[in-house]
Each structure stands twice: as structure tokens, then as C-alpha cells.
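Below, each value reflects all heavy atoms present in this structure, side chains not excepted, and no hydrogens, waters or symmetry copies. Keep in mind that what you see is a predicted model, and the values were worked out from it rather than measured. Read the numbers this way: they start at 1 and go in the same order the structure lists the ligands and their atoms.
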Amino acid sequence: MTPFPDSAAWRALLGHREALAGATARDHWQSDPGRGAALTISCAGLAFDFSRQNVTPDTIAALCALARERELPKMIERLFAGEHVNPTEDRAAMHMALRGDEHANVDGADVLPLVQRGRERLRAFSQAVREGHWKGAGGERFRDVVGLGIGGSSLGPKLAAQALSAGADGPRARFIENIDPAQFDDALEGLDPGTTLFVIVSKTFTTEETMANAGAARAWVERALGDGAVAKHFVAATAYPDRATAWGLPECNVFDFPEWVGGRFSVWSAVGLPVAIAIGMPAFDRMLAGAHAVDLAFRSDPLERNAPALMAMLSVWNRNALGCASHAVLPYGSRLAGLPPYVQALEMESNGKRVDREGRAVTFGTAPAVLGSEGTPGQHAFHQWLHQGTDPVSCDFVVVARPMGTDPERHARLLAHAAAQVEALANGIETPEPWRACPGGRASTTIVMPALDAFHLGALLASYEHKVFAEGILWGINSFDQWGVELGKKIAAAILPAVRGAGVVEDPATRHLLGVIHKLRQSD
Ligand code: F6P
């Protein structure tokens, strides 16, 4: 296969772009008022309105031709068949198996029994905590559950716990990610060790931040309740259960998940334990069901009606044909504030790559910079840049049709603002004063969730997961590794002695920076 972008289908797409001559969604809406229905796709109860993208049905057809040329349908099958789609780590990416009840084959074995066993252990444990059968060392029921994890081991659970907080009737979930002790101190402020359960979430069980925080949490619990309390106040979610038992946990406190679940795709596994404890396993099951519904659609819907695949194709169109180096994720709802960082990790850790699957340097842009925050506060912060900045930006708006709080009137205003931003970005405004003019032409997709509930949250997250996978296929890159994060970890370990005050630093600029820090640390 000719590598992207030197392919016939890509060249055809560029020819089509020339034919469009800069026309945007505003122009297309004028010439084709029926495009709303044609370009709105439903998937697992979510509606994806692509009609504000700068495309025509011909663009979609040309993008689907590109996707076929890149063998996306075949790669989707390979993904679901449990093949080793992650070549640099030589493993499958089978997170989808965690959310269904179908037989699935990975490395010659049916993983369904393993998946079901894992899910039943989550059910039993979360229920025991919620019903007070699993108590603290002093015999008290747990009131708080603290997830200790980072990256994929925290962003998904944190987002889900916040998004579904309205129905959460179990212990309150909170999360500590940073090695910054201030975050740890702030998170534990006001918590009672006797009623606090910690879930150490780490696929590798070696991540420095998580292990340092787990050690600090153990000291916090032991100081208050004595050594024996650890077995009651700590559990772990990991792919390396032996490391968790070596840390001091009894086997029954360790919830394992398979290697073929990538960190940023792992909220569906034992990694979601803090969420299951907070919202209950029936709600967690509904989240899995929503994701599973998207899996079925992604696997079987034709490309022209396949929402995650279309998200990916439009991303490639915006990134590589229309020059958008940034992409904004804009959920209208405070409980979805965790979505932008979640998508940022998913997109940028998966597709922030500069070589293709064969190790050749790519000659085109891969993952855009993903930014964003909840609306409406973002409107008073960075939307100015979206409207009048010099660089084109593509956007995803996420709106929830039914009210999330107690006041439908303010929810209506929230929706009005979301729809207004979509319109303003697309249509812009011409004014006599140049400083007031907005160029418009900014492409956006609006994803409408009927309600902010577990099923539709699962569907939303799985849609993004598959979008990112499909993008990787179109670009020809491996979305499932993240070697770029290793170098910084190695350097941090090497220079730590010097940060503490003793040790040699080779790099002159780092040596200089540490000198500046030391000087300011000593001055007051
Ligand atoms: O540093 C990146 C990363 O490897 C992520 O991919 C992962 O989700 C995170 O660190 C945490 O890793 P672990 O779950 O092994 O602690």
C-alpha cells in the first residue's frame, strides 16, 4: 500500500478540495438545506451532527474512498479479531472484550471467561463496600474512595465519576494523580482514615507518581490505624498482581486486568473500580453496555454511516487538507469537565507520532493539539481565539439534551450558548470595524447526548476510542504505544539526586536550571 499521503485516494481528495474553492458549511447549507438530515448520524443513542463540517456529500464519499484504500474496514476486523495491532509491543488491543458478553479470541484463547470473572469480582467487591460488608479496620463503613493513578489509570475513572455523580449513592470518589504532595494533602483534607478506601490503579504497578502516592497514603493510614489496616483500606487494579502482593496486599485485594488492555482504554476494566464503588455495578454495567453498542456499530456500520469512522475521516480532512493543527473539545456541562483532558490523552498519546507502522518518518501532520474545557466558562477564556485567532481550529461540541441540574431554565440557556457558539464559529460576521469581524468557516461536529447517564457516557467514550484508532489507521501509525513518554522519566530519575542537592548533571542547561532553582529555594 502506498503510504499516506502519496495515495491515489488522497490526491483525489485534494482535487476535490480545490473544486470546493474554500466553500464552508455556511455556503453548503445555503445550497443544500437538506444537509442536516443527511449529515446527522445516530449511534448508540447519540446523535452526531456533522453538518457544520466544511464538507459536502462528495467530500464524505472521497474520504470513505481514502478509508477503503487505507483498508480501514479490514483493520477494524483485525482489531476485533484480537490480532496484534500494536506491533511495537507485539500485542492485541482488545479493550472492547471488556464490555460485551461475546466470545473473543486473544492469542489463541477465549477471553470471555476471564472477562466475566473480572467483572464478577468487581461486582462483589463494589457491592460489599457499598453495603458495608467490607469495612475499615475500625469497623466503620467507607465514606470515601480515593483512586491513586495517573494518565489512563485516572483520567477515565475521574471523568466517569464526575459525569455520573448525580446518581452516585456510594462512597464519594476522588482522585490523586500528581506526585506534587500538595495535591495529595488537598485531596485528603477533611477525610477520616477510618472511613477512606484507597484503590491503587496502575497497569504496570511501577509508575513513580502512583507508587509514591500509594506509599504516602499507606503511611497516612498506618499512622492513624496501625500496620494491620492496610489489608482493609487498600486494594489494587493492575496487570501485574504479583507486584501488588509484593507491595503488601493480600491476593483477594488485587483486581487484575489483561496486558491487552491499554492504559488509556482501560476504564472498562478493574481500573474503573472507584467508579463502580461510587455509582454501583448496575450503573457501571450500563456504561459498559453503551460502549458495547458503539463497538457493534463501529464494526458493522458502513463507513458512510459509521460515526466513529466519520469522526476520524473528518479529523484527517481538517488536519491534513484544511490545515487545522488544533482541535477543541467543548462539552457543555460542568460534569463533563473531565472530557477534554480524557480526549487529549487518548488522541495525543495515541496519535502524537512521527513514524508510521513500518518505522518510516511521516511527512504529514498527525494528532492535532487537543485543547478545551467546559462551556460556558471556556467562552470567557479561550473562545476568543477560536473566533478570531489566526489559525483555523476544528471543534467538537458535546451537549446534553435533558437538564443535568435542578433548573431547566438555566439548562436551556446552556444549550442556547452551545448552539450559538456552533453558529458563530461557522457563520462568523462581517462588520465595518475589522476588530469586530469573525471570519467563520470554523468546522465543528456537535454530539448530542439525550441524557448524561451511564449508557450514553459509555457510548461517548467508546466513540472517541474508535475515532482515535481509525485516525491511526488512516495515517498509518500505531495508536497503541507511547514510547515518547519514556525519555523524560529516565532523565528525571537521573537528575533527582542533583535536585535533592548532591549529584552530577551532565547537561549544562539542566545544570544551570537546577542552579537557579537552588538559589531561589535558599532565598526568602
Ligand atoms: O506515561 C504514560 C503512561 O504510560 C500511560 O499510558 C498510562 O496510562 C500511565 O502512564 C500510567 O501507567 P500505569 O497504569 O502503568 O501506572
Compute the minimum heavy-atom distance from K489 to ligand 1 and say whether it is under 4.0 Å.
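Checking ligand 1 against K489, which is what was asked, there is a heavy-atom contact under 4.0 Å.
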
Give the residue and atom name of whichever protein heavy atom lies nearest to [atom], and the separation in Å to one decimal.
| atom | answer |
| --- | --- |
| atom 8 (O) of ligand 1 | G152 N, 2.9 Å |
| atom 2 (C) of ligand 1 | E349 OE2, 3.1 Å |
| atom 13 (P) of ligand 1 | T207 OG1, 3.2 Å |
| atom 11 (C) of ligand 1 | I150 O, 3.3 Å |
| atom 15 (O) of ligand 1 | T204 OG1, 2.6 Å |

Any cation-pi pair here, R121 with F255, using under 6.0 Å and within 45°?
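Satisfied, under 6.0 Å and within 45°.
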
Would you verify whether the NZ or CZ of R218 falls within 45 degrees of the ring axis of W247 while also being under 6.0 Å from that six-membered ring's centre?
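Relative to the ring axis of W247, which defines the angle, R218 lies inside both limits.
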
Straight-line distance of L188 CG to W220 CH2, nearest 0.5 Å:
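Result: 5.0 Å between the selected atoms.
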
Can you sort out which atoms of ligand 1 are near V485, meaning under 4.0 Å from one of its heavy atoms?
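Selected atoms, number and element: 1 (O), 2 (C).
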
With under 30° as parallel and over 60° as perpendicular, where do the rings of F142 and H233 fit, or are they tilted in between?
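The rings of F142 and H233 stand perpendicular, inter-plane angle above 60°.
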
Closer than 3.5 angstrom, by distance alone: can the side chain of R119 be matched with the main-chain N or O of L98 as a donor-acceptor pair?
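Yes, the answer is positive, given that a donor and an acceptor are paired below the 3.5 Å cut-off.
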
Selection from S350, S153, G149 by shortest heavy-atom distance to atom 14 (O) of ligand 1
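Nearest heavy atom to atom 14 (O) of ligand 1 lies in S153.
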
Just checking E486: does its CD atom have more than 12 heavy atoms from other residues, nucleotides or ligands closer to it than 6.0 angstrom?
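More than 12 within 6.0 Å, yes.
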
